[in-house]
Amino acid sequence: QVQLVESGGTLVQAGGSLGLSCAASGRTFSNYAMGWFRQAPGKEREFVASINWKGTSTIYADSVKGRFTISRDNTKNTVYLQMNSLKPEDTAVYYCAAREGYQSLATTLYPYWGQGTQVTVSS
């Protein structure tokens, strides 16, 4: 089991940068692949980025590739999402998720989720 708590969401101007953190508790955290997802009002939750348990492989949605960077520090049980060149369409609640096994883009394959943190990008 792993418990996740996101932090760092706030209001930011378009073109700005913002870093999100996901603090995980659980003795087996380092064995989990991690993902970031987001959900805008009235829309389905969508994949943003994923990282394997070693931190040696990353996957990004096309919409954020080149702008967002996912990373992890297993010594701190923390996963990060660095967001640069933010756009208004990035506005959403951002969720951290964890799963045992390989990276995945599918929300249904992640059994562990945080409560989310709101990111609002103003024009």
Side-chain angles (χ1 to χ4, degrees):
Q1 290 277 6
V2 61
Q3 293 76 46
L4 308 172
V5 180
E6 304 94 337
S7 63
T10 189
L11 174 66
V12 62
Q13 293 186 2
S17 298
L18 187 65
L20 304 181
S21 297
C22 174
S25 62
R27 61 188 298 271
T28 60
F29 169 78
S30 62
N31 296 325
Y32 288 78
M34 304 295 297
W36 284 98
F37 297 78
R38 66 187 183 186
Q39 187 168 22
K43 297 183 179 180
E44 295 184 354
R45 191 169 300 182
E46 66 174 352
F47 170 79
V48 175
S50 183
I51 188 168
N52 70 347
W53 73 274
K54 291 184 177 180
T56 56
S57 177
T58 57
I59 304 174
Y60 297 95
D62 289 340
S63 60
V64 306
K65 190 174 297 183
R67 299 188 298 121
F68 291 10
T69 302
I70 187 172
S71 61
R72 68 190 297 165
D73 186 344
N74 289 342
T75 66
K76 297 181 178 180
N77 288 350
T78 303
V79 178
Y80 306 95
L81 184 68
Q82 179 62 45
M83 305 182 292
N84 299 325
S85 302
L86 284 163
K87 305 174 182 179
E89 50 263 45
D90 294 320
T91 296
V93 176
Y94 282 72
Y95 296 91
C96 177
R99 70 180 304 271
E100 293 181 279
Y102 295 105
Q103 297 169 271
S104 178
L105 284 66
T107 60
T108 56
L109 295 181
Y110 286 84
Y112 308 111
W113 293 83
Q115 292 297 110
T117 185
Q118 177 71 49
V119 174
T120 302
V121 184
S122 62
S123 304

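Since we're looking at a predicted model, the values are computed, not measured.
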Applying the 4.5 Å side-chain criterion to the ILVMFWY set and letting contacts propagate, would Val64 and Leu105 be lumped into a single cluster? no

Beyond-backbone contact of Val119 with Thr91, side-chain heavy atoms, under 4.5 angstrom: no

Can you list everything that forms a ring-ring contact (aromatic ring centres under 6.0 Å, His included) with Tyr60? Sequence neighbours excluded, please. none

For Ser122 and Leu11, the nearest pair of non-hydrogen atoms, with its separation, is CB-CD1, 4.1 Å

Taking all non-hydrogen atoms of both residues into account, name the closest pair between Gly116 and Val93 and its distance. CA-CG1, 3.8 Å

Set of side chain to side chain donor-acceptor pair (under 3.5 Å) partners for Thr75, sequence neighbours left out: Asp73

If you group Ile, Leu, Val, Met, Phe, Trp and Tyr by side-chain heavy-atom gaps below 4.5 Å, do Tyr112 and Tyr94 land in one group? yes

Residue pair Pro111 / Arg99: nearest heavy atoms and the distance that separates them: CD-CB, 3.7 Å

Thr120 and Thr10, any side-chain heavy atoms less than 4.5 Å apart: no

OG of Ser63 to NZ of Lys87, rounded to nearest 0.5 Å, is 8.0 Å

Centres of the Phe37 and Trp113 rings: under 6.0 Å? yes

For a quick test of your reading: what N or O donor-acceptor pairs under 3.5 Å do the side chains of residues 76-83 make, sequence neighbours left out?
{"from": "Thr78", "atom 1": "OG1", "to": "Lys76", "atom 2": "O", "distance (Å)": "2.8"}
{"from": "Gln82", "atom 1": "NE2", "to": "Asn84", "atom 2": "OD1", "distance (Å)": "3.1"}

Which atom of Tyr95 lies closest to which atom of Gly114, heavy atoms considered: CD2-O, 3.6 Å

Residues pairing under disulfide (SG to SG under 2.5 Å) where one sits in residues 36-65, two or more places apart or in two chains, turn out to be none

Closest heavy-atom pair and its distance - Ala33, Gly101: CB-O, 3.4 Å

Quick check: are there more than 12 heavy atoms from other residues, nucleotides or ligands sitting under 6.0 Å from CD of Gln13? no

Do side-chain atoms of Glu6 reach the backbone of Cys96 as a donor and acceptor pair under 3.5 angstrom? yes

As an exercise, state the distance from OG1 of Thr58 to CZ of Arg72, rounded to the nearest 0.5 Å. 12.0 Å

The reported gap from OG1 in Thr69 to CH2 in Trp36 (rounded to nearest 0.5 angstrom) is 13.0 Å

Among all residues two or more places apart in sequence or in another chain, which pass the salt bridge (Lys or Arg N to Asp or Glu O under 4.0 Å) test with Arg67? Asp90

Result block: side-chain N/O donor-acceptor pairs under 3.5 angstrom for residues 44-56, not counting sequence neighbours:
{"from": "Arg45", "atom 1": "NE", "to": "Gln39", "atom 2": "OE1", "distance (Å)": "3.4"}
{"from": "Arg45", "atom 1": "NH2", "to": "Gln39", "atom 2": "OE1", "distance (Å)": "3.3"}
{"from": "Glu46", "atom 1": "OE2", "to": "Arg38", "atom 2": "NE", "distance (Å)": "2.7"}
{"from": "Glu46", "atom 1": "OE2", "to": "Arg38", "atom 2": "NH2", "distance (Å)": "3.3"}
{"from": "Ser50", "atom 1": "OG", "to": "Met34", "atom 2": "O", "distance (Å)": "3.0"}
{"from": "Ser50", "atom 1": "OG", "to": "Tyr110", "atom 2": "OH", "distance (Å)": "3.0"}
{"from": "Asn52", "atom 1": "OD1", "to": "Gly55", "atom 2": "N", "distance (Å)": "2.8"}
{"from": "Asn52", "atom 1": "OD1", "to": "Thr56", "atom 2": "N", "distance (Å)": "2.8"}
{"from": "Asn52", "atom 1": "OD1", "to": "Ser57", "atom 2": "N", "distance (Å)": "3.1"}
{"from": "Asn52", "atom 1": "ND2", "to": "Thr56", "atom 2": "OG1", "distance (Å)": "3.0"}

Between Ala106 and Ser104, what is the shortest heavy-atom contact and its length? N-OG, 3.1 Å

